[in-house]
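Take a look at the structure below.
To find a chain, count down the sequence lines: A is the first, B the second, and so on, and within it residues start at 1. Fair warning: this is a prediction, and the values are worked out from it, not measured in the lab.
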Number of protein chains: 2
Amino acid sequence: MLGEQSVSASCFAENLGHLIELTGAESAALEKLEGRQRQLRRGAILLREKERGNELFILRKGMMMSYVILDDGSRQILRFMFPGDLLGSALIYRDAPETLCALSDAVVAPFERNLLVPIFDEHPRLAALLLVYNNIQRVALTDRLAALGRTSAKARIAALLLELRNRLRRADSSVTNGFALGLTQEEIGDATGLTSVHVNRMLRQLEQEGMIARESGRVTLLDENSLRREANYVNRYEGLDLGWLPSPR
Amino acid sequence: MLGEQSVSASCFAENLGHLIELTGAESAALEKLEGRQRQLRRGAILLREKERGNELFILRKGMMMSYVILDDGSRQILRFMFPGDLLGSALIYRDAPETLCALSDAVVAPFERNLLVPIFDEHPRLAALLLVYNNIQRVALTDRLAALGRTSAKARIAALLLELRNRLRRADSSVTNGFALGLTQEEIGDATGLTSVHVNRMLRQLEQEGMIARESGRVTLLDENSLRREANYVNRYEGLDLGWLPSPR
DNA sequence: CGAGAGATTGACTAGCATCAAATGCTGTGG
DNA sequence: CCACAGCATTTGATGCTAGTCAATCTCTCG
């Protein structure tokens with residue numbers, strides 16, 4: 001279903017454009033990052049942990065995730081990524097700290113990290129926006145940290161469902177309360193620090209309590225308020241205040 | 001003990017200077033952020049969650065933490081902060097997403113966030129360095145996420161001990177394997193998602209296994225390799241590759 | 001010396017993991 | 001079109017890790 005959308009010249013510009021109105025010159029500068037394209041099949045690994053690489057990627061179509069595998073073989077999913085998201089840590093590390101993997105068929109635009117230099121040199125407001133974008137991610141990570149450290153299995157799953165719906169909607173405004181989550185229960189478990197067995201039981205419980213409905217991979221949020229209360233959830237794309245940004249150049 | 005160190009004109013410049021050699025102009029630009037100073041007593045709250053505020057802070061002396069309190073009253077500590085660290089999320093949010101609290105007597109330099117504008121406008125390399133600094137934090141958070149989601153209580157505590165020692169040493173190179181951790185067991189628990197009771201048992205176990213020694217608030221890492229193996233720990237201030245940064249201006 | 005905070009210890013419980021088996025779903029080849 | 005393989009989901013039985021509750025001990029500081 002994601003395959004048929006029209007895709008703009010720069011998904012990243014469109015994403016950042018949700019935060020603040022970009023100038024033509026700024027959009028043009030961002031477009032340069034998406035000159036190349038690469039198709040990925042569902043399950044394909046774009047970059048493996050500890051692999052060298054100084055490319056970054058903009059996700060243009062589909063859904064991806066990043067994860068790490070620990071010594072005992074268990075996996076922790078760190079982030080889910082949607083169209084318009086910037087992927088990769090080549091900005092700072094020689095060797096990738098996390099694996100990037102496609103959850104659906106996907107399209108990414110790879111680019112060398114030194115392509116960012118002209119953005120810092122010529123577009124201070126975009127540079128600031130990159131920092132803002134990173135900070136949103138950082139705060140979203142702290143929310144998940146609090147969820148894993150201090151909330152119940154049910155709360156973590158409720159939070160994940162809310163987060164996924166919001167992120168999907170951000171990338172595609174036609175998304176409603178019902179959506180295909182595109183994750184197995186094992187993946188949900190690896191994101192929330194649970195086993196797939198327990199994920200199953202908690203989903204069932206949420207269903208029995210009337211908070212969600214499910215049918216063949218699709219989930220519908222029936223009672224968003226209860227879910228939010230259950231989950232302690234905050235949408236970190238709201239409540240922003242970017243009044244201080246430098247002027248565009 | 002932190003009280004007697006000499007403090008340079010800009011702690012933040014000194015911190016970033018560990019990443020890359022700064023020019024005089026760059027250091028001078030950063031010094032402007034630390035014009036004012038404010039003393040904090042141990043336990044003092046600098047900024048409360050959900051409070052409005054468009055100031056950021058540079059920590060100049062002492063140790064601080066950020067945390068959130070969940071609906072059920074439980075606390076999750078998100079980060080520990082040391083001299084030279086930049087605190088606060090006023091960069092992006094109107095209302096603080098986390099509480100900032102002093103763990104020891106401390107000194108901070110508060111500054112208005114729009115003081116960052118000239119840095120973005122005139123010092124592209126510093127702007128890039130801010131992004132790098134943020135990314136290091138983001139990756140460190142993903143490490144903790146993986147620890148909370150997928151590792152045992154003992155491993156989380158081992159990881160915390162290693163992290164604290166490394167961060168302390170970064171701020172003060174005279175720190176060795178023995179150090180005063182300056183945290184109660186309850187605080188260790190709130191950082192690792194455990195109860196103080198269980199923290200106590202795990203510390204004891206690490207001690208019995210000869211990995212650490214303890215006496216009245218001080219900890220000594222006796223067997224760093226075992227700890228690292230136990231903890232799956234990676235020092236995220238190493239392995240950096242900043243070769244792409246814009247030229248200084 | 002007394003008060004209060006933190007550390008320690010023991011007994012018991014609960015939430016989630018583990019193990020195992022059954023069921024359902026999808027795509028593929030005959 | 002069916003049979004089957006392979007994966008995901010579902011369910012039950014049981015175990016273990018870490019939480020809860022509560023008492024005691026220690027240390028510091030007025």
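Arg38(A) has no carboxylate O lying under 4.0 Å from a charged side-chain N of Glu55(A), or vice versa, which leaves the two without a salt bridge. Salt bridge status for Arg144(A) with Glu163(A): absent, with no side-chain N to carboxylate O gap under 4.0 Å.
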**Study point:** Steps toward salt bridge (charged side-chain N to carboxylate O under 4.0 Å, His left out) verdict (Arg150(A), Asp190(B))
**Key:** CA-CA 8 Å; Arg150(A) 289 299 188 209; Asp190(B) 286 345; 2.6 Å; yes

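As a whole-Å value, the separation of Arg214(A) CZ from dA8(D) P is 16 Å. Taking atom CZ of residue Arg201(B) and atom P of nucleotide dC16(D), one finds them 17 Å apart after rounding to whole Å. Atom NE2 of His198(A) and atom C1' of dA13(D) are 15 Å apart (whole Å). Between the C1' atom of dT10(D) and the CD atom of Glu186(A) lies a distance of 15 Å, rounded to the nearest Å. We find that CD of Gln205(B) is positioned 10 Å from P of dT17(D), with the value rounded to whole Å.
Listed for the Tyr133(A) side chain is no donor-acceptor partner under 3.5 Å among the backbone atoms of Asn15(A). Here the side chain of Glu34(A) pairs a donor or acceptor atom with the backbone of Cys11(A) at under 3.5 angstrom.
Distance from the side chain of Leu194(B) is smallest for dA18(D) among the nucleotides dT11(D), dA8(D), dA18(D).
For Arg156(B) against dT17(D), a side-chain-to-base donor-acceptor contact under 3.5 Å is absent.
Using a 4.0 Å heavy-atom distance criterion, Arg204(A) is classed as a sugar-phosphate-only contact. Nucleic acid contact for Gly189(B): none, since no nucleic acid atom lies under 4.0 Å from a heavy atom of the residue. Thr195(A) comes within contact range of at least one nucleobase, with a heavy-atom separation under 4.0 Å. Ser152(A) comes within 4.0 angstrom of sugar-phosphate atoms only, judged by non-hydrogen atoms across all strands, and of no base. Looking at heavy-atom distances under 4.0 Å, Gly217(A) makes no contact with the nucleic acid at all.
Chain A approaches DNA chain C within less than 4.0 angstrom (heavy atoms of the protein), and the contacting nucleotides run 5' to 3' from dC16(C) to dC19(C).
Side-chain rings of Phe12(B) and Phe111(B) stay apart, their centers remaining 6.0 Å or farther from each other.
Geometrically, Arg75(A) engages Tyr67(A) in a cation-pi contact, judged by NZ or CZ lying under 6.0 Å from the ring centre and within 45° of the ring axis.
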